[in-house]
Amino acid sequence: MAILVTRSSMPSLEEYIEEIRPIFESRHLTNMGPVHQKFQRQLEDYLGVPSVSLFTNGHLALETAVQALDLRRPGGEVITTPFTFVSTTHAIVRNGLKPVFCDIRESDYTMDPEKIEALITDRTVAIMPVHVYGNICDVDRIGAIARKHGLKVIYDGAHAFGETYRGTGVGAFGDATMFSFHATKVFNTVEGGAVAFTDERYAQALQELKNFGIHGGEDAAAVAGNAKMDEFRAAMGICNLRRMDRCIAGRKAAHDRYFQRLDGVAGLRLCPTQPDVTPNYAYLPVCFDPRIFGKDRDQVLEQLREQEIYGRRYFYPAVNDMTCYRELAGEPTPVARETSLRVLCLPLYEELTPAEVDRICDVILEK
Ligand code: T4K
């Protein structure tokens with residue numbers, strides 16, 4: 001049977017039906033109804049953050065966070081990483097701001113804090129790092145740089161759902177953190193996302209900006225779109241939140257099996273669990289060094305494909321090599337480019353069995 005890179009975690013059909021029954025009875029389908037409110041409160045508890053604002057997807061959550069933090073000004077620049085899903089950069093550019101690409105660290109593929117300050121100019125308004133694959137950025141150093149230069153920090157935490165750093169929910173770092181609840185993520189609401197924040201001043205702005213900028217019922221105070229989460233997605237979120245422990249345990253079992261089989265093999269590099277971080281086992285990235293391993297990333301991808309096993313090249317090409325961003329590429333980011341050529345994400349999901357992991361590893365290790 002084919003093994004895909006991921007497989008959505010879901011509640012039973014019966015459990016979901018029970019959760020949506022009140023929606024059928026009330027006919028309150030959207031616009032921040034009671035299920036939305038309940039899910040929001042549960043999420044704040046689970047994520048360990050003071051406040052979250054729910055969105056119809058992660059991308060619009062990120063885009064709206066930029067607007068809510070009032071970062072938009074002519075010529076404004078945002079320092080960000082090119083080693084991410086293109087959504088991160090689009091959220092900057094669609095707000096009329098310029099992305100300035102900062103290279104990443106080889107160790108965990110997050111933004112290299114050593115390289116941030118050289119990119120700061122009098123036009124810089126914010127830093128937008130990404131907790132890529134659920135690897136948490138150096139939030140301490142990034143926070144210190146931002147404070148020193150008076151910059152805002154918005155984390156793209158699309159991959160970091162439920163993780164903690166030194167016991168604190170990762171959504172509590174920076175001015176705002178976006179989480180994605182897409183079907184392919186550790187936690188899903190089918191499509192969906194949220195912005196976590198600690199400063200209550202952002203609550204109203206986020207609330208209004210995801211609802212056409214409407215202020216006080218009838219007037220519009222800002223130009224904005226529609227990015228609200230509906231009641232059915234919120235109900236899915238409530239169901240999936242209940243089963244997070246099971247979901248993480250299944251992922252951990254598969255993750256640990258990969259480590260038993262592949263960690264320490266010459267020419268392969270896996271991302272170890274970070275110190276002080278409670279991981280969520282979102283992705284299983286493996287970096288291939290063809291000179292040592294004997295096969296390059298794309299050869300392994302193809303060999304797996306022949307056996308109906310589908311890894312994915314998250315994230316290739318690096319965003320600053322993409323057609324729509326080549327002209328904005330700026331300074332070269334050699335680590336990000338090399339990483340984009342070498343990393344393959346292997347299948348990882350709740351129901352992936354150790355025997356299936358063995359089947360995948362056997363193909364990879366075949367000479
Ligand atoms: N920032 C970052 C760093 C992100 O990674 C993302 C999204 C965002 C921002 C934006 O958040 P959202 O607006 O999406 O909430 C996926 C996802 O569409 C996207 O959410 C994700 N990142 C990105 C990395 O990957 P694809 O192109 O990999 O999806 P697809 O359709 O090829 O699916 C991959 C596999 O997942 C399939 O082979 C089977 C499985 N799958 C897929 C779907 C759609 C399921 O099991 N259930 C499903 O419903 O894009």
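Here, residue 1 is the first one in the sequence, and each next residue gets the next number.
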Does a side chain donor of either Glu356 or Thr353 reach within less than 3.5 Å of an acceptor in the other side chain? yes
Step by step, work out the side-chain hydrogen bond (donor to acceptor under 3.5 Å, both in side chains) result for Thr121 and Glu77. CA-CA 8 Å; Thr121 69; Glu77 296 176 354; 3.1 Å; yes
Sequence neighbours excluded, every pair satisfying side chain to side chain donor-acceptor pair (under 3.5 Å) that has a member inside residues 171-181: none
Please report whether the ring centroid of Phe173 lies less than 6.0 Å from that of Tyr155. no
Quick one: does NZ or CZ of Arg297 land under 6.0 Å from the six-membered ring centre of Tyr316, within 45 degrees of the ring axis? yes
Pairwise side-chain contact, Val100 with Val78, heavy-atom cut-off 4.5 Å (strictly under): no
Just checking, Lys115 and Phe101: is the charged tip under 6.0 Å from the six-membered ring centre and within 45° of the axis? no
Provide the full list of ring-ring contact (aromatic ring centres under 6.0 Å, His included) pairs with a residue in residues 325-367, sequence neighbours left out, each pair given once. His90-Tyr325
Of Asp103, Thr81, Thr333, which is the lone residue that meets side-chain hydrogen bond (donor to acceptor under 3.5 Å, both in side chains) with Asn320? Thr333
Which value, rounded to the nearest 0.5 Å, describes the distance between Phe181 atom CZ and Asn188 atom CG? 10.0 Å
Are the charged groups of Asp230 and Arg233 less than 4.0 angstrom apart, N to O? yes
With side chains defined as the heavy atoms from C-beta onward, is the minimum distance between Ile238 and Lys38 less than 4.5 Å? yes
Tell me whether Glu18 is salt-bridged to Arg21, with the criterion being a basic N under 4.0 Å from an acidic carboxylate O. yes
Do the side chains of Glu163 and Pro279 get nearer than 4.5 Å, heavy atoms only? yes
Please name all residues satisfying ring-ring contact (aromatic ring centres under 6.0 Å, His included) with Tyr202, sequence neighbours left out, ordered by chain then number. none
Across all chains, not counting sequence neighbours, the side chain to side chain donor-acceptor pair (under 3.5 Å) partners of Lys252 are Asp256
For the residue pair Val357 and His255, establish whether any side-chain heavy-atom pair is separated by less than 4.5 Å. no
Ile120 versus Ile145: any side-chain heavy-atom pair under 4.5 Å? yes
Any side-chain donor paired with an acceptor under 3.5 Å for Ser51 and Glu200? yes
Residues pairing under ring-ring contact (aromatic ring centres under 6.0 Å, His included) where one sits in residues 33-80, two or more places apart or in two chains, turn out to be Tyr46-Phe161
Taking atom types as modelled and ignoring hydrogens, do the side chains of Lys210 and Ser53 form a donor-acceptor contact shorter than 3.5 angstrom? yes
Please answer whether the main-chain N or O of Val363 pairs with a side-chain N or O of Gln307 as donor and acceptor at a distance below 3.5 Å. no
Check: residues 308-315 side-chain donor-acceptor pairs under 3.5 Å, at least two apart:
from, atom 1, to, atom 2, distance (Å)
Arg313, NH1, Asp298, OD1, 3.3
Arg313, NH1, Asp298, OD2, 3.3

Pairing of Arg291 and Asp296 as salt bridge, 4.0 angstrom limit: no
Between CG on residue Leu268 and CZ on residue Arg342, distance to nearest 0.5 Å: 11.5 Å
Just so I know, are the side chains of Leu365 and Leu262 near enough to count as touching, which here means a heavy-atom distance under 4.5 Å? yes
Rounded distance (nearest 0.5 Å) linking atom CD of Glu338 with atom CD of Glu106: 8.5 Å
Yes or no on salt bridge (charged side-chain N to carboxylate O under 4.0 Å, His left out) for Asp112 and Arg105, after CA distance, side-chain angles and deciding distance? CA-CA 5 Å; Asp112 188 342; Arg105 308 194 276 207; 5.7 Å; no
Are side-chain heavy atoms of Asn57 and His182 found at a separation under 4.5 Å? no
For Thr88 and Asp156, which I'm curious about, is there any donor-acceptor pair between the side chains at under 3.5 Å? yes
Just do the side chain to side chain contact (heavy atoms under 4.5 Å, CB included) check on Leu352 and Arg7 with the steps written out, would you? CA-CA 9 Å; Leu352 189 71; Arg7 183 172 154 86; over 6 Å; no
Salt-bridge test for Arg269 and Asp289: reply yes if a basic N is under 4.0 Å from a carboxylate O, no otherwise. no
For Glu208 and Gln204, test the side chains for any donor-to-acceptor distance below 3.5 angstrom and give the result as yes or no. yes
Salt bridge or not between Glu350 and Arg246? Use side-chain N to carboxylate O under 4.0 Å. no
Grab the two heavy atoms, one from Val153 and one from Pro129, that are nearest each other, plus how far apart they are. CG1-CD, 4.0 Å
